[in-house]
Amino acid sequence: MKRLIPIAFLLATFLTSNAQFENIDLSQYKLPDIKRHQLDFSFGYSSNFSKISYEDSPEVSLFGLNNNLNGNYSFYSNTNKVQMTGWGGIGSGLRLDWEKNDKSSFEKSDVYHYSFDTGIEKRIYFNEDDRLFLFWSPILVISTYYNYNKEVSNNDNISNKYLSRNLNFSPEIKVGGGIGRIEPVGDLRRAIYILEDLFENDRLNRLPDESEIIQLADRVAQLRNQRFFDSRLRRIYEIKSLDSLLNSMEIVDGMDATYFTSLTDMWDYGDESRFSGTRIQLNVFGKLFYDFNKIKNVHYLIDSEKVTNIDKEKFYNELVGTELLFYSYKPMGLKWQRYLSANISFNQYFIDQVSYPSSHEYNIIKSEITYQYDWFLNTRTSASFSVNGYYQKYDYAEEDDYYKDNNDFICTLDGNLYYYFSPRLKASVSLLLNYQWNDQLHTFYNKQFYFRNSIGISYSLF
């Protein structure tokens, strides 16, 4: 039997529910203790082949092959006393280029590169209520690069070989501290999306109170940070867990196809990057740049004489500096978010004068400010607008005709609009205005105005 509800009562209930949800302050939400591990692998392959013919010239064949394999691990922890992010990644790539001229020459180029990077960013708060924290972050990046090139000329039997090997080793350490905390609050917003949609589909027995909304948000956070090898089993577990909690709170009614469709739809969407809080942080840091190079050239001359040149070099540069960082996220109701960031840093570079006697030590002063608004109309539609200003000054210890003190300034206006047709299919529209000015010598330009607009469609296979 259909329930007969007076229109006036229905309208009053609708307004009450909206007021109930709109009164939820996202900035007051505290994420429960979370620890998440994630491991991702990616592989890319591309190749190309072409033949080019010119009048009165021999035909040229070109072939290219490019492969890359990457693995990345990440760890995230958020508790009352610790906010921590850790990562580690390995990468490898292969690029083969081959060019053949049927009558005169052959050229082959092979490039191999491998990389490894790992790091931690950790903030330790003194106690649950104190907003003061200590910060430390060790980072290590290692990369190696091999380049082999061979060129053979058939007409005069001349060939050249070139081999270079390069190893880069860059450790970095940051230590500091500050005041304030930025908390992820997107899980609370997703919980509200679920309750709003169930209400609009007339599947709520009653309006939940604030403590029940927080309870649902905590369950959302726990489910989103669990890992399953089988995505199908994960989805079954997530929906069953949400359904069990809603039923235990006795706030749902009519657990039919409409109910489960609504629950699944809001779970698939509504994954918004929402944050709340302000953080001020002061860091000091140091970084080393070690480079080891070996270059070998082999030339075969017309008279079959072989000439070999080997050049080895190693050098290191040092960087020390300090930075002051400010970040602020403010939720403005359920649909808007304001973001403000500002930073200033002083970096001092010490150049290896033995390997680079013509170079000069220098300092860099950087400052940047960003002001942004994000708009979340619903689970499928969002937009952002930002203004960014960037300033950089190079200050050389010694100046000459080439190395002189200079300034750089960049101003950017950026707007983006997104719409999700499905959780994997996203459309985007973006506009960008960029103005850059500098007083550097020996550059292509001192002023540049740049405008870009784009419309894109992206699809995620997995």
Side-chain angles (χ1 to χ4, degrees), residues 29-40 70-91 115-143 168-187 221 224-227 271-289 318-330 337 339-348 364 366-370 372 388 390:
Y29 180 64
K30 173 67 178 67
L31 193 71
D33 290 355
I34 293 296
K35 290 184 179 181
R36 181 181 69 234
H37 300 266
Q38 187 166 337
L39 183 62
D40 300 300
N70 300 287
N72 294 283
Y73 165 79
S74 63
F75 170 75
Y76 174 72
S77 175
N78 189 20
T79 66
N80 286 330
K81 290 191 174 183
V82 175
Q83 284 187 325
M84 175 178 170
T85 300
W87 67 90
I90 56 174
S115 63
F116 169 79
D117 71 281
T118 184
I120 295 173
E121 288 187 354
K122 189 172 184 179
R123 293 177 182 85
I124 304 174
Y125 290 84
F126 292 111
N127 55 57
E128 296 183 5
D129 299 324
D130 198 342
R131 297 175 62 82
L132 294 175
F133 65 87
L134 293 177
F135 171 83
W136 66 281
S137 174
I139 299 174
L140 175 63
V141 178
I142 303 174
S143 63
N168 304 102
F169 180 78
S170 299
E172 179 182 2
I173 182 70
K174 288 185 177 183
V175 294
I179 183 171
R181 183 180 179 116
I182 294 177
E183 197 75 30
V185 296
D187 297 320
R224 290 185 64 244
N225 288 279
Q226 291 188 20
R227 288 293 172 260
D271 189 13
E272 298 175 356
S273 297
R274 305 295 296 269
F275 300 91
S276 176
T278 298
R279 185 173 67 227
I280 302 175
Q281 185 171 325
L282 177 66
N283 299 327
V284 294
F285 55 88
K287 186 174 183 178
L288 300 179
F289 303 89
E318 301 174 358
L319 163 65
V320 295
T322 183
E323 59 185 0
L324 179 63
L325 311 173
F326 171 82
Y327 299 98
S328 177
Y329 291 88
K330 182 179 180 180
Q337 176 174 275
Y339 169 69
L340 173 64
S341 70
N343 64 74
I344 183 170
S345 64
F346 175 81
N347 303 327
Q348 187 171 9
I364 296 181
K366 299 179 182 179
S367 63
E368 184 175 9
I369 184 169
T370 300
Q372 177 174 317
N388 177 268
Y390 175 85

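Heads up: numbering here begins at 1 and tracks the sequence. All figures in this text were calculated on a predicted structure; none of them were measured in a lab.
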Compare every heavy atom of [Y] with every heavy atom of [X], then report the nearest pair and how far apart it is.
| X | Y | answer |
| --- | --- | --- |
| Ser345 | Asn347 | OG-ND2, 4.0 Å |
| Tyr29 | Ala221 | OH-CB, 4.4 Å |
| Gln337 | Ser273 | NE2-O, 3.5 Å |
| Leu288 | Glu318 | CD2-CG, 3.5 Å |
| Leu340 | Phe326 | CD2-CE2, 3.9 Å |
| Ser328 | Thr278 | OG-OG1, 3.1 Å |

Who are the ring pair (Phe, Tyr, Trp, His ring centres under 6.0 Å) partners of Tyr329, not counting sequence neighbours? Phe275, Tyr339

Does Val82 form a side-chain contact (heavy atoms from CB on, under 4.5 Å) with Lys122? I'd like the steps, not just the answer. CA-CA 7 Å; Val82 175; Lys122 189 172 184 179; 3.9 Å; yes

About how many Å separate [atom2] of [Y] and [atom1] of [X], when rounded to the nearest 0.5 Å?
| X | Y | atom1 | atom2 | value |
| --- | --- | --- | --- | --- |
| Leu282 | Ile179 | CG | CD1 | 13.0 Å |
| Ile90 | Tyr73 | CD1 | OH | 14.0 Å |
| Ser276 | Lys30 | OG | NZ | 12.0 Å |
| Asn72 | Leu39 | CG | CG | 8.5 Å |
| Ser170 | Lys287 | OG | NZ | 5.5 Å |
| Phe289 | Glu172 | CZ | CD | 7.5 Å |

Would you say that Arg36 contacts Phe75 through its side chain, given a criterion of any heavy-atom pair below 4.5 Å between the two side chains? no

Taking C-beta and beyond as the side chain, do Tyr76 and Ser74 meet within less than 4.5 Å on heavy atoms? no

So, Lys366 and Glu368, do they make that salt bridge, N to O below 4.0 Å? no

Salt bridge Lys174-Glu323, side-chain N to carboxylate O under 4.0 Å: yes

Any side-chain to backbone donor/acceptor pair from [X] onto [Y]? Under 3.5 Å, distance only.
| X | Y | value |
| --- | --- | --- |
| Gln281 | Phe133 | no |
| Thr118 | Trp87 | yes |
| Ser137 | Ile120 | yes |
| Glu183 | Leu31 | yes |
| Arg181 | Asn80 | yes |

Has Lys330 got more than 12 heavy atoms of other residues, nucleotides or ligands less than 6.0 Å from its NZ? no

Test side chain to side chain contact (heavy atoms under 4.5 Å, CB included) applied to Gln348 - qualifying residues, sequence neighbours left out: Val320, Phe346, Phe350, Asn363

Looking at Ile280, Asn343, Asn283, which hits side chain to side chain contact (heavy atoms under 4.5 Å, CB included) with Leu324? Ile280

From CA spacing to verdict: side-chain contact (heavy atoms from CB on, under 4.5 Å), Gln83, Tyr125: CA-CA 8 Å; Gln83 284 187 325; Tyr125 290 84; 3.7 Å; yes

Could you walk me through whether Val185 and Asp187 pass the side-chain contact (heavy atoms from CB on, under 4.5 Å) check? CA-CA 5 Å; Val185 296; Asp187 297 320; over 6 Å; no

Please walk me through it: do Thr79 and Asp33 pass side-chain hydrogen bond (donor to acceptor under 3.5 Å, both in side chains)? CA-CA 5 Å; Thr79 66; Asp33 290 355; 5.1 Å; no

Before you tell me yes or no, could you show the steps for Phe135 and Val175 under side-chain contact (heavy atoms from CB on, under 4.5 Å), namely the whole-Å CA-CA distance, both residues' side-chain angles and the distance that decides it to 0.1 Å? CA-CA 6 Å; Phe135 171 83; Val175 294; over 6 Å; no

Go through Ser115 and Ser143 one step at a time and tell me if the side-chain hydrogen bond (donor to acceptor under 3.5 Å, both in side chains) criterion holds. CA-CA 4 Å; Ser115 63; Ser143 63; over 6 Å; no

